[in-house]
Amino acid sequence: METPNFQDLHWLLDIIQSTDIGIVVIDKNFNIEIFNRFMQVHSDIGPEDAIETSIFDLFPYLEDDWFKRRVNTVFELGISVYTTWEQRDNVFDFPLKLPIHYETQMMYQNTTFIPLRSAADAVEKVGIVVYDVTDNAVNRGKLESAKDELLRLSRTDKLTTLWNRGYWEERMIDEFKRNQRSAHQTALVMFDIDHFKNINDTYGHQVGDDAIRMVAKLFLENSRDVDICGRYGGEEFVVLLPETDTEGAKIYSERLRKTIEETIVRSQGESVNFTISLGIAVLDEQTKLPTDWIVNADKALYKSKQSGRNQTHVFEG
């Protein structure tokens, strides 16, 4: 192979400088030997400040085990090391020149650490090649966000943003199975709005919807993060209370009942107050199926209604 002449090297340098990727070459002491125009533009560091300077002086944040380990691996093993933005957002913290086009202010990067060998086949330098993959990363992020949003919408009730019946029942089955493997008690509370049909008939469906929204809001405010709250249908709601015994479920239910009783819903020029009735079923050894659990809570709710409404009853078998 012919020895490259000056013109060949000049062309090679032109390519290195004009390419739309970052190129840095460092020696075993981490001193910079090549720092192309891409790197200069995005770091705002000129070649006179970069060449023959420690890369750690220019970018102090690189002086960590992660970066050193990758460079040393290339020197010691003579193999390339590749890092994607999914593993680490970037190697060099470069702000975007036109951030208005993105939802991020920083450049996402894929980076390759390449062994550069001498004529004797010894690794004397390491080349660091930086690819700007912000477009791909942002678009992937948007796609994942869209998928997450679609999943959330498929699981939630549109009117209240509570879990819908289908997803809530999946969570209930999971909780039922988990409870079978532990000695901890879990309570299920079912409740509905008393005389809800009268609210719709008297004030209209818009007021009825606002009443349901208010109940959902107070429902969430009175529940823990671990509680699994759902709209079961119409004016009926359900909640799973993990790690909760009968007494704890009664305290929770009465607090929620009193809060709603004391609340006035103002909608369409009307002021409406109402109550709820609640039924509790604590999961025990006699409950053989998840559907039995719901039936038991529903029976307790029915007893509250039979007894005059605006109260809580516990299923007793």
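Note that the coordinates shown come from a computational prediction; the quantities given were computed from them, not determined experimentally. This chain uses plain numbering: 1 for the first residue, then up along the sequence.
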Spell out, yes or no, whether [X] and [Y] are grouped together once hydrophobic residues are joined by side-chain heavy atoms under 4.5 Å, including indirect joins.
X: Y232; Y: L220; answer: no
X: F38; Y: I26; answer: yes
X: V314; Y: M190; answer: no
X: F92; Y: F113; answer: yes
X: Y61; Y: V91; answer: yes

Would you confirm whether [X], through its side chain, and [Y], through its main-chain N or O, come within 3.5 Å as a donor-acceptor pair?
X: D64; Y: F67; value: yes
X: T111; Y: T83; value: no
X: R140; Y: D135; value: no
X: N72; Y: K68; value: yes
X: E262; Y: T259; value: no
X: Q311; Y: S307; value: yes
X: T287; Y: L283; value: no
X: N110; Y: W85; value: yes
X: N296; Y: D292; value: yes
X: N222; Y: R255; value: no

Are the charged groups of [X] and [Y] less than 4.0 angstrom apart, N to O?
X: K305; Y: D192; answer: yes
X: D157; Y: R165; answer: no
X: R178; Y: E243; answer: yes
X: K177; Y: D174; answer: no
X: E170; Y: R155; answer: no
X: R257; Y: E261; answer: yes
X: K125; Y: E33; answer: yes

With no hydrogens and no angle check, just 3.5 Å: does a side-chain donor-acceptor pair link [X] and [Y]?
X: T275; Y: D194; value: yes
X: T186; Y: N179; value: yes
X: Y252; Y: S223; value: yes
X: N31; Y: S54; value: no
X: Y108; Y: N90; value: no
X: R224; Y: T244; value: yes

To the closest 0.5 Å, what do you measure between [atom1] ([X]) and [atom2] ([Y])?
X: D209; Y: Q268; atom1: CG; atom2: CD; value: 10.0 Å
X: D132; Y: M107; atom1: CG; atom2: CE; value: 4.0 Å
X: L96; Y: M106; atom1: CG; atom2: CE; value: 7.5 Å
X: D245; Y: K250; atom1: CG; atom2: NZ; value: 10.0 Å
X: I128; Y: L62; atom1: CD1; atom2: CG; value: 7.5 Å
X: S154; Y: N164; atom1: OG; atom2: CG; value: 7.5 Å

Ring centres of F219 and F191 under 6.0 Å apart?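 Yes, they do, as the ring centres are separated by less than 6.0 Å.
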Would you say the ring centers of F56 and F30 fall short of 6.0 Å from each other?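 Aromatic pair counts; centres sit under 6.0 Å.
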Give the ring-plane orientation class for W293 versus F176, where under 30° counts as parallel, over 60° as perpendicular and anything between as tilted.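 Tilted: the ring planes of W293 and F176 meet at 30° to 60°.
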Of V215, N273, I193, which meets side chain to side chain contact (heavy atoms under 4.5 Å, CB included) against I260?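 Single pass found, and it is V215.
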Could you walk me through whether E236 and L301 pass the side-chain contact (heavy atoms from CB on, under 4.5 Å) test, one step at a time? CA-CA 10 Å; E236 196 166 35; L301 170 59; 3.5 Å; yes
Test side-chain contact (heavy atoms from CB on, under 4.5 Å) on E221 and L218; report intermediate values, then the result. CA-CA 5 Å; E221 288 175 356; L218 297 174; 3.7 Å; yes
Given side-chain contact (heavy atoms from CB on, under 4.5 Å), test V24 with V130 step by step and report yes or no. CA-CA 8 Å; V24 183; V130 181; 5.6 Å; no
Before giving the answer on side-chain contact (heavy atoms from CB on, under 4.5 Å), spell out for K299 and V295 the whole-Å C-alpha distance, their side-chain angles and the decisive distance to 0.1 Å. CA-CA 6 Å; K299 287 179 178 178; V295 169; 3.6 Å; yes
Is R231 close enough and on-axis enough to W168, meaning under 6.0 Å and within 45°, for cation-pi?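 The answer is no, since R231 fails at least one limit relative to W168.
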Between L188 and A297, which heavy-atom pair has the shortest distance, and what is it?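 Result for this residue pair: CD2-CB, 3.3 Å.
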